[in-house]
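Inspection log for the structure reproduced underneath, given as structure tokens.
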Amino acid sequence: MLLDTASLYFRAYFGVPESVKSPDGIPVNAVRGLLDFIARLVQDHRPDELVACMDAAWRPQWRVDLIPTYKTHRLAAEGPGVGAGAEEVPDTLSPQVPVIEQVLDALGIARVGAADYEADDVIGTLATRAAGPVRIVTGDRDLFQLVDDAREVTVVYPVKGVGSAQIVDEAALREKYGVNGAQYADLAALRGDPSDGLPGVKGIGEKTAAQLIERFGDLAGIRAAAADPFSGLTPARRKNLLEGAAYLDVAPQVVRVATDVPLPEFDAALPREPLDPMTLEELATRWGLGSALERVLAVLAG
């Protein structure tokens with residue numbers, strides 16, 4: 001099981017009231033919410049291995065060099081204590097991230113990131129390497145591109161919470177988007193994604209992208225059809241695809257997750273007991289983690 005950790009703690013932050021605080025009044029809603037997510041995920045899915053995948057770079061420069069608008073709307077305004085290129089994160093969430101990292105480390109849950117890469121790329125690499133079934137837990141549709149029935153790679157996509165998550169396999173993708181996992185990145189590139197600063201191709205939304213992929217197979221086939229006056233494309237669609245050529249030259253590299261990221265050595269085995277019980281006890285007391293941490297420990301031990 002591969003966790004898109006930031007996706008989950010953002011979801012926890014907005015799903016758990018900020019009134020959930022430490023003994024000295026500091027919000028710990030994201031910390032406790034994420035612990036509840038992990039307890040429920042382990043209980044429901046019983047993974048043998050669990051990896052908390054991290055963003056070492058939430059907006060890698062190599063992606064920005066290809067598409068400068070990539071995630072620009074998430075940039076925080078520069079100011080005291082906020083450097084250039086920082087992500088805009090709620091004031092009461094930022095201090096909780098180091099606590100989350102410390103708790104995961106003390107539990108012994110593998111926490112893995114790689115310089116210049118997003119968590120998506122770590123997930124892509126680990127999912128590609130894995131010999132057995134993989135479940136990716138994320139609220140990010142971009143990772144649908146990794147779904148692969150033949151290799152038993154599915155996405156656990158939270159709807160209201162991880163307890164009511166949708167299991168996304170290729171049948172679910174075909175029903176919702178009209179494509180399979182291997183085609184999803186091409187659909188995403190054509191459609192674009194305002195939340196990631198990807199403009200897409202003018203005039204081509206999700207349904208049109210799916211129709212083009214069904215007809216021509218993939219992005220390369222669609223671009224070949226746009227260059228062929230006898231391919232049967234409408235003049236308007238051909239015009240939009242040709243005018244979007246510069247974007248389509250680079251979009252696939254930005255949209256597709258990396259699958260060959262150099263990763264550090266780590267032990268992915270699901271811990272049955274805390275790696276560092278003393279530190280974990282100190283963290284539990286300092287931050288008032290109480291029942292949320294107890295639930296995780298009980299599930300891990302069970």
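Nothing fancy with the numbering, it's 1 onward along the sequence. Below, each value reflects all heavy atoms present in this structure, side chains not excepted, and no hydrogens, waters or symmetry copies.
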Given Tyr13 and Glu18, is the side chain to side chain donor-acceptor pair (under 3.5 Å) satisfied, shown in steps? CA-CA 8 Å; Tyr13 174 81; Glu18 204 169 294; 3.0 Å; yes

Side chains of Ser291 and Arg32: donor-acceptor distance under 3.5 Å anywhere? yes

Name of the residue among Asp142, Asp196, Asp121, Asp120 meeting salt bridge (charged side-chain N to carboxylate O under 4.0 Å, His left out) with Arg63: Asp121

Any non-hydrogen side-chain atom of Asp116 less than 4.5 Å from a side-chain atom of Gln61? no

Flag the pair Val103 / Ile109 as yes when at least one side-chain heavy-atom distance between them is below 4.5 Å, and no otherwise. no

Could you report the tightest heavy-atom contact between Pro264 and Val112, atom names first, then the distance? CD-CG1, 4.2 Å

For residues Asn180 and Leu173, report the shortest heavy-atom separation together with the two atoms involved. C-CD1, 4.0 Å

Once rounded to the nearest 0.5 Å, what's the spacing between atom CG of Leu93 and atom CG of Asn29? 8.0 Å

Pairing of Glu170 and Lys176 as salt bridge, 4.0 angstrom limit: no

Assess the side chains of Thr279 and Gln102: does a donor N or O sit below 3.5 Å from an acceptor N or O? no

In the single-linkage hydrophobic clustering (I, L, V, M, F, W, Y; side-chain heavy atoms under 4.5 Å), do Val122 and Trp58 co-cluster? no

For Cys53, is there any backbone N or O sitting under 3.5 Å from a side-chain donor or acceptor partner on Thr5? yes

Near-ring test Tyr157/Phe144, centroid separation under 6.0 angstrom: yes

Would a hydrophobic clustering, with Ile, Leu, Val, Met, Phe, Trp and Tyr connected at side-chain separations under 4.5 Å, put Leu126 with Met54? no

Derivation and outcome, side chain to side chain contact (heavy atoms under 4.5 Å, CB included), residues Leu2 and Arg135: CA-CA 6 Å; Leu2 305 174; Arg135 290 208 163 169; over 6 Å; no

Gln145 and Asp186: CA distance, side-chain angles, deciding distance, side chain to side chain donor-acceptor pair (under 3.5 Å) verdict: CA-CA 9 Å; Gln145 64 186 276; Asp186 284 350; over 6 Å; no

Report yes if the side chains of Leu248 and Arg223 come closer than 4.5 Å at any heavy-atom pair, otherwise no. yes

Taking everything shown except Asp91 itself, do over 12 heavy atoms lie less than 6.0 Å from its CG? no

Is the shortest heavy-atom distance from the side chain of Leu275 to the side chain of Asp105 under 4.5 Å? no

Arg111 with Glu101: basic N within carboxylate O range, under 4.0 Å: yes

Please assess Asp193 against Ser195 for the test side chain to side chain donor-acceptor pair (under 3.5 Å), listing each intermediate value before the final yes or no. CA-CA 5 Å; Asp193 187 345; Ser195 70; 2.6 Å; yes

Under a 4.5 Å cut-off applied to non-hydrogen side-chain atoms, are Leu297 and Pro274 in contact? yes

Would you indicate whether the side-chain heavy atoms of Thr69 and Pro199 approach each other to under 4.5 Å? yes

Min side-chain heavy-atom separation Leu41-Met1 under 4.5 Å: yes

Sub-4.5 Å side-chain heavy-atom contact between Trp62 and Tyr117: yes

One should read off an interatomic distance between Tyr247 OH and Leu66 CG, to the nearest 0.5 angstrom, of 11.5 Å

